[in-house]
Amino acid sequence: MDYQSLPHRFGERDPIAALRTAEDGLEPEQAGTRAWRVAGRILGRRGQGGVTFLDLEDESGRVQLLAELERLGEEAYAAVRDVSIGDLVGVEGTALRTRRGELSVQIAAWQLLAPCRLPFPDRHHGLQDVEVRHRQRYLDLMTDPDARERFRARARMVASIRRSLDDGGFVEVETPVLQPLYGGANARPFTTHHNQLDRDLYLRVATELYLKRLVVGGLERVYELGKDFRNEGVSHKHNPEFTMLEFYEAYADCADVMERTERIVADAAQAVLGTTQVEVRGQVVDLAPPWPRVQLGRAIEERVGIDPIALGRDPEPLRELMRERGVDASNDKTWAQLVDHFVSHFVEPELVAPTFLVDYPVELSPLARRKPGADGVVERFEAFCGGMEIANGFSELNDPDDQRARFEEQAAMGRAGDDEAHPVDDDYVTALEYGLPPTGGVGLGIDRLAMLLTGQDTIREVVLFPAMRN
RNA sequence: GGGCCGUUAGCUCAGCUGGCAGAGCAGGGGACUCUUAAUCCCAAGGUCGUAGGUUCGAUCCCUACACGGCCCA
């Protein structure tokens, strides 16, 4: 095949959907009057001697093509009959409804645009091998219109979120992916090296600390929507690179951010689905605000009978309870880790309808502001839906001394073997010393929200190229 | 990291108490002038995930490994 001799363009192309709409009124054996130019991939062929039927699909839809020996002559007809399933072709012709009632394009001119020279996946069963669908996503998209629609829905969701924030007066910014020091989340980073600067750099685990520097600088409402990277396990809700929205709003607090978050999510659902009702894990839930606010301690108490926050900082009763419930808590060294484990094991899976948990222990929240009148608790929330955490936000800690102390505590935990602890970020503390206004912010997991809005139960189905082993 | 399941033609899948590896579709050749997963005929297509082991003989039984899936951490 001489690829260079193939056409370099196919202009003035009509989407197949436009043809279908315009010519829908044709009666059987009636022909349309105008010429159509359509292009796409050949997905079916039915020979019939001097008549050949082909199925042509573009992104907008599918239509049958009709090639007739009598109309085209030997040579052109042979060229059409030589087509392989999967070839990309451009066609010009008038519309015609066949005797059997199928809207078709009667081929007047035919061009091969690009051959498909490898065998096409089974047209009837589709591509079943999950591994191949992920490694060669183009085959999945080629053969499964639902897969294409899923990623279009994701794009509509992201567009809606941007619209919400843009309309709310937020500025979209881009902060470094390669960071000298990582922070903003408890996670292990990927490490890389800059050769000329001869220094190690980290791929960001969050954008938080940079975005809050911008709020210090006077960008009062900022957001960033992009990839974060966490060097940890792969699961149905974790991919090592994933998409996160973070936004920060000066002169607002945790409660304001919760309201904005639930509104953004509900609007995104409306934009993608035309409704705020989604089906998740066999249950219909409504994303319309307001979502219930439940204190973290109460949520745990409802399920296991004790409120660990009210109990003080004694890990032993919690450890004992874990033992009773047959949960292995041997990795949980501290009271805070046990609380975290209680949430993820007993509470999170049950939060199918959208719910905010609020009032988190300060030990789990090194960047959040303390709640007045509540010892050891910060103004923080996590949003859960479909049994997953989808967002995490708080009133931002703006006391540089407290922030430094929290970093030091994190560093101590790091030295004690917690490889997800924050390193101390002196420059960030310096920024706080210049004055961070009272600010609320949140991180929202875009992939997980896409799972909810497209009805998928694994992140791999909403990430185009999920992480795989070699 | 642990447990369970899977890996057979390009794709979708059969197969066997352990005895020469099967089909449909796709691809190749041919017939057929209104098909809809078109139909019919012909030929071709395989390191049965990889490496060992048991056996006269292994796609099948055993072990390890790789990759994937599900569950747990």
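Note that these values count all heavy atoms, side chains included, but never hydrogens, waters or copies made by symmetry. Throughout, a chain's letter reflects where its sequence line sits, starting with A, and its residues are numbered from 1. As the structure is a computational prediction, the values presented were derived from the model and not from experiment.
- If you take atom C1' in G24(B) and the same atom in U8(B), they sit 15 Å apart, rounded to whole Å.
- Using N1 to N3 plus N6-O4 or O6-N4 for Watson-Crick, or N1-O2 and O6-N3 for G-U wobble, each under 3.5 Å, G46(B) pairs with nothing.
- For the C1' atoms, the distance from A66(B) to A73(B) is 23 Å, rounded to whole Å.
- Distance CG (Asp55(A)) to P (U36(B)): 11 Å, rounded to an integer number of Å.
- Between the side chain of Asp122(A) and the base of G10(B), no donor-acceptor pair of N or O atoms lies under 3.5 Å.
- Taking atom P on both nucleotides, G19(B) is separated from C11(B) by 27 Å, rounded to a whole Å.
- Taking atom C1' on both U12(B) and G18(B), the two are 28 Å apart, rounded to the nearest angstrom.
- For the pair Arg37(A) and Phe10(A), the distance from NZ or CZ to the six-membered ring centre is under 6.0 Å and the angle to the ring normal is within 45 degrees.
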### Task
Classify every nucleotide of nucleotides 26-34 of chain B by which part a protein heavy atom approaches to under 4.0 Å, writing B for the base, S for the sugar-phosphate alone and - for neither, in 5'-to-3' order.
SS----BBB
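- Considering only heavy atoms from C-beta on, Thr355(A) stays 4.5 Å or farther from Trp291(A) through its side chain.
- Atom-to-atom distance recorded for Leu127(A):CG and Asp140(A):CG is 6.5 Å, nearest 0.5 angstrom.
- The nucleotide C25(B) finds its pairing partner in G10(B), both defining distances of the Watson-Crick or G-U wobble pair being shorter than 3.5 Å.
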### Message
For nucleotides 65-73 of chain B, give me one character per nucleotide, 5' to 3': B if any protein heavy atom sits under 4.0 Å from the base, S if the only such contacts are to the sugar-phosphate, - if neither.
### Response
--SSSS--S
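- For the C1' atom pair drawn from C48(B) and C16(B), the interatomic distance equals 12 Å after rounding to whole Å.
- As the counterpart of U33(B), no nucleotide is assigned, since no Watson-Crick or G-U wobble pattern has both distances under 3.5 Å.
- Comparing A51(B) with A58(B), their C1' atoms are spaced 15 Å from each other, to the whole Å.
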Scan nucleotides 40-43 of chain B against the protein and return all N/O pairs shorter than 3.5 Å with their distances rounded to 0.1 Å.
none

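- A search for ring-ring contact (aromatic ring centres under 6.0 Å, His included) contacts involving Tyr360(A) returns nothing, not counting sequence neighbours.
- Among residues two or more places apart in sequence or in another chain, the ring-ring contact (aromatic ring centres under 6.0 Å, His included) test is passed with Tyr182(A) by Tyr202(A).
- With a cut-off of 3.5 Å on both Watson-Crick or G-U wobble distances, the partner of C61(B) is given as G53(B).
- Evaluation of the salt bridge (charged side-chain N to carboxylate O under 4.0 Å, His left out) test over residues 345-369 of chain A, restricted to residues two or more places apart or in two chains, returns Lys237(A)-Glu348(A), Arg303(A)-Glu350(A), Arg313(A)-Glu363(A), Asp359(A)-Lys371(A).
- Spacing between C60(B) and U17(B) at atom C1', rounded to whole Å, works out to 11 Å.
- In terms of the salt bridge (charged side-chain N to carboxylate O under 4.0 Å, His left out) criterion, residue partners of Asp228(A) (sequence neighbours excluded) are, by chain and number, Arg204(A).
- Residues meeting the ring-ring contact (aromatic ring centres under 6.0 Å, His included) test with Phe229(A), sequence neighbours left out: none.
- When the P atom is used for both C70(B) and C13(B), the distance is 16 Å, rounded to whole Å.
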Report all side-chain donor-acceptor pairs from residues 80-91 of chain A shorter than 3.5 Å, counting only partners two or more places apart or in another chain.
unit_1: Arg81(A); atom_1: NH1; unit_2: Gly49(A); atom_2: O; d: 3.1
unit_1: Asp87(A); atom_1: OD1; unit_2: Cys116(A); atom_2: N; d: 2.7
unit_1: Asp87(A); atom_1: OD2; unit_2: Ser84(A); atom_2: N; d: 2.9

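- The side chain to side chain donor-acceptor pair (under 3.5 Å) contacts involving residues 407-421 of chain A comprise Asn186(A)-Gln410(A), where partners must be two or more places apart or lie in separate chains.
- By the salt bridge (charged side-chain N to carboxylate O under 4.0 Å, His left out) test, Glu301(A) pairs with no residue at all, sequence neighbours left out.
- At the heavy-atom level, Glu102(A) lies under 4.0 Å from base atoms of the strands shown.
- C20(B) makes up no base pair with any nucleotide shown, lacking Watson-Crick or G-U wobble contacts both under 3.5 Å.
- C4(B) and G69(B) make up a base pair, with Watson-Crick or G-U wobble contacts both under 3.5 Å.
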Identify all side-chain donor-acceptor contacts of residues 119-126 of chain A below 3.5 Å with residues at least two apart in sequence or on another chain.
unit_1: Asp122(A); atom_1: OD1; unit_2: His124(A); atom_2: N; d: 2.9
unit_1: Asp122(A); atom_1: OD1; unit_2: His125(A); atom_2: N; d: 2.8
unit_1: Asp122(A); atom_1: OD1; unit_2: His125(A); atom_2: ND1; d: 3.0
unit_1: Asp122(A); atom_1: OD2; unit_2: His125(A); atom_2: ND1; d: 3.4
unit_1: Arg123(A); atom_1: NE; unit_2: Leu43(A); atom_2: O; d: 2.9

